[in-house]
Q: 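Structure incoming, see below.
The analysis underlying the following values was restricted to heavy atoms, covering all of them including side chains, and did not include hydrogens, waters or symmetry mates. Just follow the structure's listing: the first ligand is 1, and inside any ligand the first atom is 1.
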Amino acid sequence: MGFFDSLSPRAVATSALLLTSFAQDALARPNPDPKAPWVKNTGLGKKKMANHLKRAIMGDRRAVETPFCSETLATEIKAPKPNVWGPLVDVEVASVVEWLFAQADLNLTVTEEAGGWDNTIQLVEAMWPNKTDVLAFVDGDGPAPTKYAHVVLNNRATETPHYADIIVGPLPLDNATAKWEPLEYPYTKQNGGKVRNLDADSDRLYSEWLFKIGASVADITLDLWNGTAMGLENDTLSIWGIDPLWQDDGEIIRWDTFWNIPTGDFDDMTLFPLGLYFSSEVSGRDPSKWELRGWLYNSVFYATTEEFRAAYWSEDFVKNGPNVDGDWARTDKNGETPEMDKAQGPVIVAPAGARFAVDHKEKYVEWMDWSFYVGFNRDTGPGLFDIRYKGERLVYELSLQEALAHYAGNDPMNSGTAYLDSFYGFGPYTFELVKGYDCPAYATYMNTSFYVNEETRTHIDSLCLFEYVADYPMQRHTTSDYVSVTKNTYFVIRSIATIGNYDYQQSFSFFMDGSFAVEVRASGYIQSAYFAGNEDYGFKIHDNLSGSMHDHVLNFKADFDVLGTNNSIELMSMVPVSRSYPWSAGKVRNTMALERKFIETEDESRFNWGPNSATQVLIVNENERNKHGEMRGYRVLPYMGTAHLTVQNSTNLGVAAQWANHDVQITKYKDSEQKAYHAFNTQDVHDPPVNFDKYFDGESVRNEDIVLWLNLGMHHVPHTGDLPNTVQTTAHSGIQFMPSNYFDIDQSRRTVNQVRINYFNGSAEVEEFGQFKVGSSEGTCSTCKLNYTPLEPEHQGYKGDVVIRKFPFDPNNPFYATSGI
Ligand SMILES: *[C@@H]1O[C@H](CO)[C@@H](O)[C@H](O)[C@H]1NC(C)=O
Ligand SMILES: *[C@@H]1O[C@H](CO)[C@@H](O)[C@H](O)[C@H]1NC(C)=O
Ligand SMILES: *[C@@H]1O[C@H](CO)[C@@H](O)[C@H](O)[C@H]1NC(C)=O
Ligand SMILES: *[C@@H]1O[C@H](CO)[C@@H](O)[C@H](O)[C@H]1NC(C)=O
Ligand SMILES: *[C@@H]1O[C@H](CO)[C@@H](O)[C@H](O)[C@H]1NC(C)=O
Ligand SMILES: *[C@@H]1O[C@H](CO)[C@@H](O)[C@H](O)[C@H]1NC(C)=O
Ligand SMILES: *[C@@H]1O[C@H](CO)[C@@H](O)[C@H](O)[C@H]1NC(C)=O
Ligand SMILES: *[C@@H]1O[C@H](CO)[C@@H](O)[C@H](O)[C@H]1NC(C)=O
Ligand SMILES: *[C@@H]1O[C@H](CO)[C@@H](O)[C@H](O)[C@H]1NC(C)=O
Ligand SMILES: *[C@@H]1O[C@H](CO)[C@@H](O)[C@H](O)[C@H]1NC(C)=O
Ligand SMILES: [Cu+2]
């Protein structure tokens, strides 16, 4: 087992990558390798089709008459405007890095050569421009917004280590005009963009602290679990603990606990807690001055190691059993194969190839009447921008802000854990997708890239785009004469970020009726608790194991622009009423009616989904009415369940995640209130760089450019079905956005993918509205046979990261590496 095996899954994340970013490689171009078995180049052009036929002829005589169905990837188009949320290109990143190293006042050291007391560059990525500048450009003839780089420095050549957000530009850099400034305006804390770094001595934490403590109780750990956590090759135990650290009364307190290290090849350590905890005060940069503050075992607290040892070796000391690796904790096939499971199951195919278009360079997508740009950053991964329907913008930005996993328990480890995952970053962990499993085999893929250690790393095929047809129709109706039914074909862009033990899938879906949705699903290993005394905080799910209760809350920013930026929020509720009517013969009738109200200011703009789903949340444009006089708008509605944080005034979080306390929150858009989170909020929870509460200062949200901050999530009490991994069938949450009087009628009426079957006289007459059919002369694919190769992709091509060195800049020698990720 290597060194990283003894760190927490999330600690592995930070120590391997530190802070990383996105910077798309300029080399990235749609250039599918024809040798790759899952890539088919047929269909787009006659020449390509001919090649395809040639291959078919050489391979199979009968294929001459029966060509393969098209498996075309998305058509390549040109985006109407460059993607202003796009990454910096390689030369831009390289120039910024080179320029930063030339600034003597920054006193930077190249990461590879840096120790714990050097300043380094953590992140170089594109700074997303202000909306005010973007609108003039994307909607009019305004100039492209000036480009700047967002840089994070990790300043550790000091007694007060801190991260510093700075802005560098304008780009392209010119020695005469280039400058850097502290980045302050997007944050609520105005202190020069600096945040203290509680992780600055992570390189010494193990060698000079945790392993020493492990060694000091080796007699006990050997007796209890036949193992040690001392930093030795033969250690079978690991030590790691809470995140964020306790930050009260000027102290920085860690709680750590012992875990069994996996004995097999699986990433299952979070299932083997051992129930012994210790506390340390770790403020200051000198581990020799840190203090051990006590031990906890079986709910008994011991103030010193001596006290704990004396109790442990006494006669009446109660010892509990360990949690031990085994097949129960491993994800490989386990148990009797269900009958018929081995036969090949159904697969969905796209016989005419992709029916959408992509500008890979600009990350711009068009499907049916929808279009959008994809942005990507280190903290939160992919987000969608300028989402339009028929050229009319609905949403300026729809993007993940933060993911919280808040635990609780009778022990300090679970009680103290409240991960804010933007600290680790979604960008660097948005891995290559597995074709045919994460996404259909015929999907089109995009790469994503991020910055780390003066390199740009690329995750190949880490965003997938595909059409899918639901297992239920969008519309249907049967009469005694006819049946009418419409397919529900929709479009998805998906990514998955694996942050430590957990895998978060994020999907944005678009539908033919003008609705769209965002969904998250979770899988991976739960972080579990030791069972002793934990009954109020989880189910007992294995020998000595509790499924530790926790809340997942994921915040999404939805900056709607319905027919312009000036929008309002109308709440429309169905309420019970007792009313008499002119026709009710003087009697009061118990019935119901609609109650409407506008949200006027930010004082009343934080609320939860109402009981019985009785209240509709409508984003309307009060000045844009349809022909019936109703306000055109979109409705926001939860589906598959959502959640906000159960804990009130969390002791762990301080004011670092105030966005998590309600389902729906609305603010007036401001260039200075861009994000609900800051990636380093965990480093100073009582005085974080972004305190979301401060966005609510009584401003009008009526007829204004408004932003919705929506929480997806799930209250998770892991049960035996979470072993070995949580499953995405039920670990899910979503929000839909549906047109509300926005169109005159349902937009899906325009599709040919519907049928009306008249069967009045016993014989059916079928109306298919001119659909192209396989076998019809108009079809993109006439008679064709299915090529099973792309349906069952081979996975030997799975690659990992492509790395391009930025300092010294070495664009011509990309290499593959997966170390530490
Ligand atoms: C993704 O990256 C790989 C490796 O750099 C490259 O070969 C491929 O063309 C890229 N794909 C796209 C769609 O940009
Ligand atoms: C610059 O950083 C080095 C360590 O890389 C440190 O020894 C030195 O004191 C720093 N200089 C200043 C002026 O802060
Ligand atoms: C900018 O300044 C750096 C260092 O002073 C120098 O190496 C570089 O050549 C200059 N670049 C230009 C374009 O003048
Ligand atoms: C204790 O651990 C050692 C070394 O890992 C191993 O050889 C031995 O079999 C273990 N003993 C028991 C009782 O499991
Ligand atoms: C681990 O190795 C050390 C020497 O490197 C040895 O002293 C110790 O007994 C070993 N521990 C176990 C549990 O085998
Ligand atoms: C703890 O686990 C051990 C086996 O690892 C088992 O023998 C023991 O019964 C378990 N204790 C409880 C309370 O489940
Ligand atoms: C939006 O409303 C504000 C007043 O609330 C007004 O000043 C502004 O002109 C409006 N903008 C548009 C584009 O209508
Ligand atoms: C949480 O804090 C707020 C503001 O300080 C206070 O009004 C409220 O009572 C607190 N709630 C709990 C449960 O402590
Ligand atoms: C963006 O808006 C903020 C807040 O108004 C402002 O301080 C900043 O200078 C703007 N940035 C640019 C590049 O104009
Ligand atoms: C149904 O069949 C009857 C008798 O064959 C015929 O008169 C009638 O026109 C048919 N109706 C329709 C709607 O086709
Ligand atoms: Cu969970």
Q: Is there a donor-acceptor contact under 3.5 Å linking the side chains of Gln401 and Asn555?
A: no
Q: Anything with a heavy atom under 4.0 Å from ligand 8 counts, so go ahead and list those protein residues by chain and number.
A: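 Correct list: Gln648, Asn649.
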Q: Decide whether Ser548 and Asn414 meet the rule of one side-chain donor and one side-chain acceptor closer than 3.5 Å.
A: yes
Q: Run the side chain to side chain donor-acceptor pair (under 3.5 Å) test against Asp671 and tell me which residues pass, sequence neighbours left out.
A: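 Checked Asp671 against side chain to side chain donor-acceptor pair (under 3.5 Å); matches are Thr132, Tyr669.
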Q: Would you say His715 and Asp551 are linked by a side-chain donor-acceptor pair, where the criterion is simply a distance under 3.5 Å?
A: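 Asp551 vs His715: donor-acceptor pair found between side chains.
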Q: Go through the structure and list residues passing side chain to side chain donor-acceptor pair (under 3.5 Å) with Asn226, not counting sequence neighbours.
A: none
Q: Please name all residues satisfying side chain to side chain donor-acceptor pair (under 3.5 Å) with Arg285, sequence neighbours left out, ordered by chain then number.
A: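 Arg285: side chain to side chain donor-acceptor pair (under 3.5 Å) contacts with Asp201.
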Q: Any nitrogen or oxygen of Asn226, main chain or side chain, under 3.5 Å from a nitrogen or oxygen of ligand 4?
A: yes
